[in-house]
Enquirer: 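There's a structure below that I have some questions on.
Values below: all heavy atoms of this structure, side chains included; hydrogens, waters and symmetry mates excluded. This is a predicted model, so every value here is computed, not measured.
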Amino acid sequence: MDNNLALVLGGGGATGNGWEIGVLAGFDHAGIRVANDAGVIIGTSAGATTATQVSGNVSLSDLYEQAVAPAPTSTGRSQQRSAPAIPVSTVFDRMRQISANAHSAQDIRAGMGTFALECDPVLADSADAWRATVESRFPARSWPEQRHLITAVNAHTGELVAFDRSSDVDLVDAVTANCSLPGGVASREINGERFIDGGAHSAENVHLASGYRHVVVLAPLARHPGSEGHATMFEGLRREPAWGTELFSCIEDLEAGGSSVLLLTPSPAVLEAMGGNNMNPAARAATAQAGFRQGVESARSLGQFLES
C-alpha cells in the first residue's frame, strides 16, 4: 500500500459507477493496481459504492464481469417499474433552484438538506428497501483495512462529513447516506441525525486528498473546459471556485499544496455510452466496457505519473 497515493472516486449515478469499475479494471488488466495500492480512497455518491466494491474480496475482473453482464430480464409479462414517488424532473428542478439562489456552499448544502427532510415523509416507506439495495452491491459489509473516506452531508446542519472506520458508523449506513440523493430517496438516519449525498457539496470532494503526494481522480461528471459531449442530469448545479467546490480550482489548490494530480474524465466513447442520463442502469454495461478500454489506454500515463 502506498501511503502517498490517494484515489478519488466521484459521483455520477449508475453509469458513473460502471465507468469507474471499468477504468479500474482496465488499469488492473494493464498491471497497475491503483485501487488496491492507494493509501486512501475517497468516495462520493456512486464513487462511495465503487470504493466499497473494490475494497472487498472480489477481484476487479470479477466486478467488471458483473458490471457488463446483461441486465436480468423477466419471463412472460414484462415487469413494470413503478414510477418514483417524486418525479425526477421535479427533483432536479428543485436542486437547480437551490443552487441558483445560493450565496455559498453552505447555502447549497443546507438547502439540499432542507429539501431532503421535506421529502422524507413521502419517501420513508422505501428507506429500508434502499438500504438493502445498497448493501446488495457490496462484496463485504465491514470497513476495510485500507483507509476509506465516505462523504455525506448532515441534512439538519448542512455540515459536510467524511465517515471512516473510526467514526463508529456502520459501513452500509455510511454509503447509503452518501447515495441518498435529496428528493430521490429518503435521507439516512445515523446516530439520531439524518444525512444525504456528499455530492450536495461536491461531486468529487478532492480537497480531502490534501497532503497526499499523488492523487488520482476519476470524475464521471467532469468535463474539461471546451470539451464536447452529452450533458448530464446534474448540469446547472453551481460549483464555484471561491466556495471550494469547483473541481478544477480544487485541483489547482492541491497542486499548490505540493500534490501531483492525475484527472481522468469520461472519453468521447464513454460519453456516448452514458447517453446523458447518469441514472440509467441500462447504460451501465456499455459504459463499463468503454471505461475498461479507456483504462487500458490510460494505464501507461498513469504508470508514468505514479513513478514521477
Enquirer: Search all heavy atoms of A186 against all heavy atoms of S180 and return the closest pair with its distance.
Expert: O-OG, 3.4 Å
Enquirer: Strictly distance-based, threshold 3.5 Å: is any side-chain N or O of R141 a donor or acceptor partner for the main-chain N or O of F138?
Expert: yes
Enquirer: Run D62 and S59 through side-chain hydrogen bond (donor to acceptor under 3.5 Å, both in side chains) and show every step you take.
Expert: CA-CA 5 Å; D62 286 342; S59 69; 3.3 Å; yes
Enquirer: Regarding Q304 and S301, do their side chains bring together a donor and an acceptor under 3.5 Å, going by distance alone?
Expert: no
Enquirer: Report the C-alpha distance between V206 and L247 in whole Å, list the side-chain angles of each, state the deciding distance to 0.1 Å, and finish with yes or no for side chain to side chain contact (heavy atoms under 4.5 Å, CB included).
Expert: CA-CA 7 Å; V206 298; L247 175 61; 3.7 Å; yes
Enquirer: Between CD of Q53 and CD of E20, what distance do you get to the nearest 0.5 Å?
Expert: 9.5 Å
Enquirer: Do you know which two heavy atoms are closest between G56 and P139, and how far apart they sit?
Expert: CA-CG, 3.6 Å
Enquirer: Name the residue from N4, L254, V40 that meets the side chain to side chain contact (heavy atoms under 4.5 Å, CB included) definition with Y212.
Expert: V40
Enquirer: Determine whether a donor-acceptor pair (N or O, by modelled atom type, separation under 3.5 Å) exists between the side chain of E246 and the backbone of F248.
Expert: yes
Enquirer: Backbone N or O of L123 within a donor-acceptor pair of the S126 side chain at under 3.5 Å?
Expert: yes
Enquirer: Any donor and acceptor pair, going by atom type alone, linking the side chain of E118 with main-chain N or O of G183 inside 3.5 Å?
Expert: no
Enquirer: Quickly, which of L24, I42, V215 forms a side chain to side chain contact (heavy atoms under 4.5 Å, CB included) with L7? Name it, please.
Expert: L24
Enquirer: Without hydrogens or angle criteria, can the side chains of W19 and Q294 be said to hold a donor-acceptor pair below 3.5 Å?
Expert: yes
Enquirer: Can you get from V161 to L149 by hopping between Ile, Leu, Val, Met, Phe, Trp and Tyr side chains that sit under 4.5 Å apart?
Expert: no
Enquirer: What is the distance from atom CZ of R165 to atom CD1 of I150, rounded to the nearest 0.5 Å?
Expert: 12.5 Å
Enquirer: According to a hydrophobic-cluster definition based on side-chain heavy atoms being under 4.5 Å apart (Ile, Leu, Val, Met, Phe, Trp, Tyr only), do V54 and V172 belong together?
Expert: no
Enquirer: Under 3.5 Å, is there a donor-acceptor pair between the side chain of R238 and the main chain of I108?
Expert: no
Enquirer: Quiz question: by atom type and distance under 3.5 Å, do the side chains of T176 and D173 form a donor-acceptor pair?
Expert: no
Enquirer: Starting from the C-alpha separation in whole Å, work towards a yes-or-no answer on side chain to side chain contact (heavy atoms under 4.5 Å, CB included) for V8 and L218.
Expert: CA-CA 6 Å; V8 178; L218 302 188; over 6 Å; no
Enquirer: What is the distance from atom CZ of R94 to atom CD1 of I98, rounded to the nearest 0.5 Å?
Expert: 4.5 Å
Enquirer: Is there a donor-acceptor contact under 3.5 Å linking the side chains of T50 and N17?
Expert: yes
Enquirer: Identify the heavy atoms of D168 and N191 that sit nearest to each other, and give their distance.
Expert: O-ND2, 3.7 Å
Enquirer: Looking only at atom types and distance, does a side-chain atom of S202 sit under 3.5 Å from a main-chain N or O of G199, one as donor and one as acceptor?
Expert: no
Enquirer: So, the side chain of H156 versus the backbone of E193: is there a donor-acceptor pair under 3.5 Å, distance only?
Expert: no
Enquirer: Between atom CD1 of I32 and atom CG of L302, what is the distance when rounded to the nearest 0.5 Å?
Expert: 4.5 Å
Enquirer: Provide the closest heavy-atom pair for A162 versus L208 in the form atom of the first, atom of the second, distance.
Expert: CB-CD1, 4.1 Å
Enquirer: As a quick check of understanding, evaluate side chain to side chain contact (heavy atoms under 4.5 Å, CB included) for I86 and C119, giving each step before the final call.
Expert: CA-CA 8 Å; I86 302 173; C119 296; 3.5 Å; yes
Enquirer: Report yes or no: do Q146 and N36 form a side-chain donor-acceptor pair below 3.5 Å?
Expert: no
Enquirer: Testing the basics here: between G12 and N278, what is the closest heavy-atom pair and its distance to 0.1 Å?
Expert: O-CB, 3.3 Å
Enquirer: With a 4.0 Å cut-off on N to O distance, would you call E189 and R131 a salt bridge?
Expert: no
Enquirer: Check whether the side chains of D164 and S167 place a donor and an acceptor atom closer than 3.5 Å, and report yes or no.
Expert: yes
Enquirer: Please check if any side-chain donor atom of S45 sits under 3.5 Å from a side-chain acceptor atom of N178, or the reverse.
Expert: no
Enquirer: Would the distance check show the side chain of T52 and the main-chain N or O of A48 forming a donor-acceptor pair, the cut-off being under 3.5 Å?
Expert: yes
Enquirer: Does H207 have more than 12 heavy atoms from other residues, nucleotides or ligands lying within 6.0 Å of its NE2?
Expert: yes
Enquirer: Indicate whether any N or O donor in one side chain lies under 3.5 Å from an N or O acceptor in the other, for T151 and T44.
Expert: yes
Enquirer: Tell me whether F195 shares a hydrophobic cluster with V134, the cluster being built from Ile, Leu, Val, Met, Phe, Trp, Tyr side chains joined at under 4.5 Å.
Expert: yes
Enquirer: Treating S99 as the side-chain partner and M95 as the backbone partner, does any N or O pair qualify as donor plus acceptor under 3.5 Å?
Expert: no
Enquirer: Working to the nearest 0.5 angstrom, can you tell me the gap between S308 OG and H214 NE2?
Expert: 3.5 Å
Enquirer: With clusters defined by side-chain heavy atoms of hydrophobic residues (ILVMFWY) lying less than 4.5 Å apart, directly or transitively, does W130 cluster with I190?
Expert: yes
Enquirer: Do the side chain of T245 and the main chain of E240 share a donor and acceptor less than 3.5 angstrom apart?
Expert: yes
Enquirer: Same cluster or not: V175 versus I196, using hydrophobic residues (I, L, V, M, F, W, Y) connected whenever any side-chain heavy atoms lie under 4.5 Å apart?
Expert: no
Enquirer: Whether E159 and R109 form a salt bridge (side-chain N of Lys/Arg under 4.0 Å from carboxylate O of Asp/Glu) is what I want to check.
Expert: no
Enquirer: If you compare all heavy atoms of G244 against all heavy atoms of C250, which two are closest, and at what distance to 0.1 Å?
Expert: O-SG, 3.3 Å
Enquirer: Evaluate L264 against V23 for side chain to side chain contact (heavy atoms under 4.5 Å, CB included), listing each step before the verdict.
Expert: CA-CA 9 Å; L264 200 66; V23 169; 3.6 Å; yes
Enquirer: Does either side chain, that of R194 or that of S187, offer a donor lying less than 3.5 Å from an acceptor on the other one?
Expert: yes
Enquirer: What's the separation between atom CG in L160 and atom CG in N154, rounded to the nearest 0.5 Å?
Expert: 10.5 Å
